[in-house]
Amino acid sequence: YTFYSCSNLTTASFPACTIIGYNAFENCHSLASVSFPACTSIGNNAFQGCIGLTRVELDCDCDYITNCFSKCPSIKEFIIGENVTNIGTFKDFKELTSIYLLGKNPPSVSENCFTESQYVNITLYVPAGSLKTYQNADIWNFFWNIQEKESTVAIKTQPNAENLQIELTPSEVEVKY
């Protein structure tokens, strides 16, 4: 119940947070966006009743991440990191239009994870080079619109960074100056 019913909380971004407790953000009605890229554990109903929540970014290695978002009818966008291995149901997310799956291998989903209309109306964005994998994976292959998306990196530099060198590979970014 850490942030229980914090009415003025609009964004929660904790890059280093690994554990989100049970009901931690319950009934934070103004909460619109959450980002927990290092999360390894989410308690049940952690975001229950966050009716203003429209965007969720998680990269946790925990089961059934969507069970944490009950009574969140406004979610439009889910970003699911490469460490997520299993997903619960998305049936309650009537406004959902986009799911970004960052893992090259599709997470496990149950047979009744999505509704028929969600297969038609939701766009899946998958990593470059993994389109065929998702198109051939059980359940994910029901989606009508699956698109590959290139990874992007934003780098902020200092004003006088004249000798800045950036090397990009598929697995890392190296910055030298």
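No hydrogens, no waters, no symmetry mates; every other heavy atom, side chains included, goes into these values. For reference, positions follow the sequence shown, starting with 1.
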For a quick test of your reading: what N or O donor-acceptor pairs under 3.5 Å do the side chains of residues 95-103 make, sequence neighbours left out?
| residue | atom | partner | partner atom | Å |
| --- | --- | --- | --- | --- |
| Thr97 | OG1 | Lys76 | O | 3.4 |

Kindly indicate whether the side chain of [X], heavy atoms from C-beta on, has any atom under 4.5 Å from the side chain of [Y].
X: Asn136; Y: Asn141; value: no
X: Gln135; Y: Ile146; value: yes
X: Ile79; Y: Arg55; value: yes
X: Ile87; Y: Ser108; value: no

Side chains of residues 7-35: which donor-acceptor partners sit under 3.5 Å, not counting sequence neighbours?
| residue | atom | partner | partner atom | Å |
| --- | --- | --- | --- | --- |
| Asn23 | ND2 | Glu26 | OE1 | 2.6 |
| Ser30 | OG | Ser7 | O | 2.7 |
| Ser35 | OG | Glu57 | OE1 | 3.3 |

Does a side chain donor of either Ser70 or Asn45 reach within less than 3.5 Å of an acceptor in the other side chain?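 Short answer, yes.
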
Worked verdict on Leu53 versus Ser74 for side-chain contact (heavy atoms from CB on, under 4.5 Å): CA-CA 6 Å; Leu53 191 58; Ser74 303; 6.0 Å; no

Rounded to the nearest 0.5 Å, how far does OH of Tyr134 lie from NZ of Lys104?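 One finds 9.5 Å between NZ of Lys104 and OH of Tyr134.
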
So how far is it from Phe78 CZ to Ile122 CD1, rounded to the nearest 0.5 Å?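 Here the rounded value is 10.0 Å.
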
Of all pairs that satisfy salt bridge (Lys or Arg N to Asp or Glu O under 4.0 Å), the ones with a partner from residues 120-146, not counting sequence neighbours: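 Applying salt bridge (Lys or Arg N to Asp or Glu O under 4.0 Å) to every pair that reaches into residues 120-146, excluding sequence neighbours, yields nothing.
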
With sequence neighbours left out, which residue pairs that include part of residues 117-127 fulfil the salt bridge (Lys or Arg N to Asp or Glu O under 4.0 Å) condition?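 Sorted pair list comes back empty.
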
Please identify each residue that fulfils side chain to side chain donor-acceptor pair (under 3.5 Å) with Asn145, with sequence neighbours left out.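 Asn145 satisfies side chain to side chain donor-acceptor pair (under 3.5 Å) with Thr123, Gln147 only.
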
Cluster question for you: counting only ILVMFWY and a side-chain heavy-atom cut-off of under 4.5 Å, with indirect links fine, are Leu131 and Ile139 together?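 Leu131 and Ile139: one cluster.
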
Are Tyr125 and Trp140 connected into the same hydrophobic cluster when the rule is that any two of I, L, V, M, F, W, Y join if their side-chain heavy atoms are below 4.5 Å apart?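 No: no chain of side-chain contacts under 4.5 Å links Trp140 to Tyr125.
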
Would you sort out whether Leu58 and Ile42 count as a side-chain contact (heavy atoms from CB on, under 4.5 Å), showing the intermediate values? CA-CA 10 Å; Leu58 294 172; Ile42 302 176; 3.7 Å; yes

N/O donor-acceptor pairs under 3.5 Å from side chains in residues 111-121, not counting sequence neighbours:
| residue | atom | partner | partner atom | Å |
| --- | --- | --- | --- | --- |
| Asn112 | OD1 | Ser110 | OG | 3.0 |
| Thr115 | OG1 | Ser117 | OG | 3.3 |
| Thr115 | OG1 | Gln118 | N | 3.2 |
| Thr115 | OG1 | Gln118 | OE1 | 3.4 |
| Gln118 | OE1 | Thr115 | N | 2.8 |
| Gln118 | NE2 | Phe90 | O | 2.8 |
| Gln118 | NE2 | Phe93 | O | 3.2 |
| Asn121 | ND2 | Ser117 | O | 3.0 |

Describe, in one word, how the ring planes of Phe69 and Phe47 are oriented to each other, choosing from parallel (under 30°), tilted (30 to 60°) and perpendicular (over 60°).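 Geometry flag for Phe47 against Phe69: parallel rings.
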
